[in-house]
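Structure first, then comments.
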Amino acid sequence: MAAPGAISRRAFLGVTVLAAGGLKTPRVLAQARPRLVIVGGGAGGVSLARAVVMDSAGGIAVTLVEPNARYFACFQSNLALGGLRDPDSLLFSYAGLAKAGVEVVPAAASAIDRDRREVRLVDGRRLPYDRLALSPGIDLKYDSVPGWGREAEDAMPHAWTGERQFRLLKARLDAVPDGGLIVIIAPPNPSRCPPAPYERASMMAHALKATGRGQTKVIILDPKPKFPKQGLFQEGWEAHYPGMIEWMAPDISEGVRSVDPETGTVVTGFETFARADLVNVIPAQWAGALARASGLTDASGWCPVDPDVLASTVDRNIFIIGDAANAGDMPKSAFAANNQAIVVAAALRSELLSAPADAPGYANTCWSAIARDDVVKESSRYAVADGRIRETETFLSQSGEPADLRRRLSMENDMWYAAMTRGLFG
């Protein structure tokens, strides 16, 4: 285990490189610029667009395809749910990318013609590319929870993607009465941001307690026998929200058998939770639809990649970054997507501009809020070994840490978020 400072000093790795343009800049030859098309304007796609424009000194023409007018930072939405962050602070415009030299196409991609190297848009346009990068994020498996589906996502919101779902969940949380019942159905592995369901339970309890609704019960039904930072979360729940949060492992609940969106009922093998005031269903997940439709996923539902450069093992001209990629031991997180974008930018520089590329350096840091000024952290570094990205070093917050340290971690989380979003969106 590394000392806390050893990894925390690298907590801003991706942001620092993007902000400073720290990668070696190649000499641009007087010829037609190679074309990079990026599909997906999340943390991975925007990080890559910024990195390539800066790293190539304009030598690579970069186009970002993104249908949404604004980016919503889901990875900080739990804090907004708990009242620790303004929801509007999660929204960002893509205007700064255009000013930086990225062509932003406000449209949805409908298909990839891999033979012609073209991205087809829903409006009929075609975008040719020399290299394509996909950062399509996740899709939800709507059939993974019996009785729940796309038609039920408003009655039992997931709030796992998009601004609308977040605001719906927050409105529903605000309406829960004191003494009410909330049921969270956690997803199986792998999923986006593995600690997030438990941070969400913490922030729900924080909001409830802060508004005089401390008698409300939050039940977490989990298909997994354990979860990330479990000891730290459970210690924090006992300290801050005694009796409010109950986690039920699958051997206790005997699994979710069905849900009834009309009545707010959740049936498990052990008991029935009837007429819950809020049911938050976080279903199983897989790679975004465009990746699946393009034949870039395997039987796992995720995209296999070359661990050295994150190129698709199906099509070497396509790179996969962020949640959709099967990146070995790396979790699916905004930090990881930002870090992966830097690796891909170096690979693109080498391939398209014949410039030297450094060996990949992979890292991830995840902060989780348990209460105001009580934040825990896990940081890891990774290396390619035996054809896979493997964790080589890790730091994890410890039980019983002093309040001042947890407060500093809260500030560190805020600083990282501000630096990252400022570096990406301006």
Side-chain angles (χ1 to χ4, degrees), residues 1-16 43-44 73-79 82 84 186-203 220 222 224-240 245 247 282 322-323 325 327-340 342 361-383 388-417 419-420:
M1 177 179 293
I7 293 184
S8 63
R9 282 195 297 270
R10 292 171 170 82
F12 307 104
L13 173 64
V15 176
T16 302
C74 282
F75 57 92
Q76 289 275 306
S77 63
N78 283 334
L79 275 68
L84 304 186
N189 290 326
S191 66
R192 164 181 283 176
C193 196
Y198 316 99
E199 181 186 60
R200 176 171 288 182
S202 305
M203 290 295 94
I220 307 171
D222 209 327
K224 305 180 293 293
K226 60 181 180 179
F227 62 89
K229 305 175 187 169
Q230 182 169 343
L232 296 169
F233 274 114
Q234 291 180 321
E235 177 185 62
W237 294 342
E238 182 62 29
H240 298 290
I245 302 175
W247 175 74
I282 309 172
D323 295 346
D329 291 345
M330 293 190 80
K332 302 179 186 302
S333 73
F335 193 108
N338 174 255
N339 174 257
Q340 292 164 11
I342 296 168
Y362 292 114
N364 182 69
T365 296
C366 174
W367 297 266
S368 297
I370 300 175
R372 186 182 296 276
D373 294 331
D374 187 356
V375 170
V376 294
K377 169 184 173 180
E378 184 171 14
S379 291
S380 298
R381 285 199 289 267
Y382 308 83
R388 178 181 171 85
I389 299 174
R390 299 185 183 276
E391 185 178 73
T392 59
E393 194 174 348
T394 189
F395 161 79
L396 179 64
S397 293
Q398 299 298 299
S399 174
E401 290 175 330
D404 183 60
L405 173 57
R406 296 289 180 86
R407 191 176 300 112
R408 290 201 303 271
L409 290 179
S410 177
M411 294 173 60
E412 184 179 283
N413 183 21
D414 289 342
M415 290 170 60
W416 169 78
Y417 179 68
M420 178 174 177

Taking all non-hydrogen atoms of both residues into account, name the closest pair between [X] and [Y] and its distance.
X: Y382; Y: P331; result: OH-CD, 3.3 Å
X: S399; Y: L232; result: N-CD2, 3.7 Å
X: D222; Y: P187; result: OD1-O, 4.3 Å
X: Q340; Y: G322; result: OE1-N, 2.8 Å
X: C366; Y: K229; result: O-NZ, 3.0 Å
X: P197; Y: P194; result: CD-O, 3.3 Å

Supply the atom-to-atom distance [X] [atom1] to [Y] [atom2], rounded to the nearest 0.5 angstrom.
X: S397; Y: D374; atom1: OG; atom2: CG; value: 9.0 Å
X: L405; Y: K377; atom1: CG; atom2: NZ; value: 9.0 Å
X: I245; Y: H240; atom1: CD1; atom2: NE2; value: 10.0 Å
X: F75; Y: F335; atom1: CZ; atom2: CZ; value: 11.5 Å
X: N413; Y: L84; atom1: CG; atom2: CG; value: 10.0 Å
X: L409; Y: R407; atom1: CG; atom2: CZ; value: 11.0 Å

Tell me every residue that passes side chain to side chain contact (heavy atoms under 4.5 Å, CB included) with [X], counting only those two or more places apart in sequence or in another chain.
X: A383; result: T392
X: K332; result: P190, W302, D323
X: N189; result: K224
X: A196; result: N78, W160, C193

Hey, is the main chain of [Y] close enough, under 3.5 Å, to the side chain of [X] for a donor-acceptor pair?
X: E199; Y: A369; value: yes
X: Q398; Y: L396; value: yes
X: D329; Y: E391; value: yes
X: N339; Y: A363; value: yes

Q. Does R372 have any side-chain hydrogen bond (donor to acceptor under 3.5 Å, both in side chains) partners at least two apart in sequence or in another chain, and if so, which?
A. none

(Q) List the residues meeting side-chain hydrogen bond (donor to acceptor under 3.5 Å, both in side chains) with E401, not counting sequence neighbours, and say none if there are none. (A) R406

Q: Determine whether the aromatic ring centres of W247 and F227 lie less than 6.0 Å apart.
A: yes

Q: Test I370 against E235 for side chain to side chain contact (heavy atoms under 4.5 Å, CB included), laying out the working first.
A: CA-CA 10 Å; I370 300 175; E235 177 185 62; over 6 Å; no

Q: State, yes or no, whether a side-chain contact exists between Y198 and S368 at a heavy-atom distance under 4.5 Å.
A: no

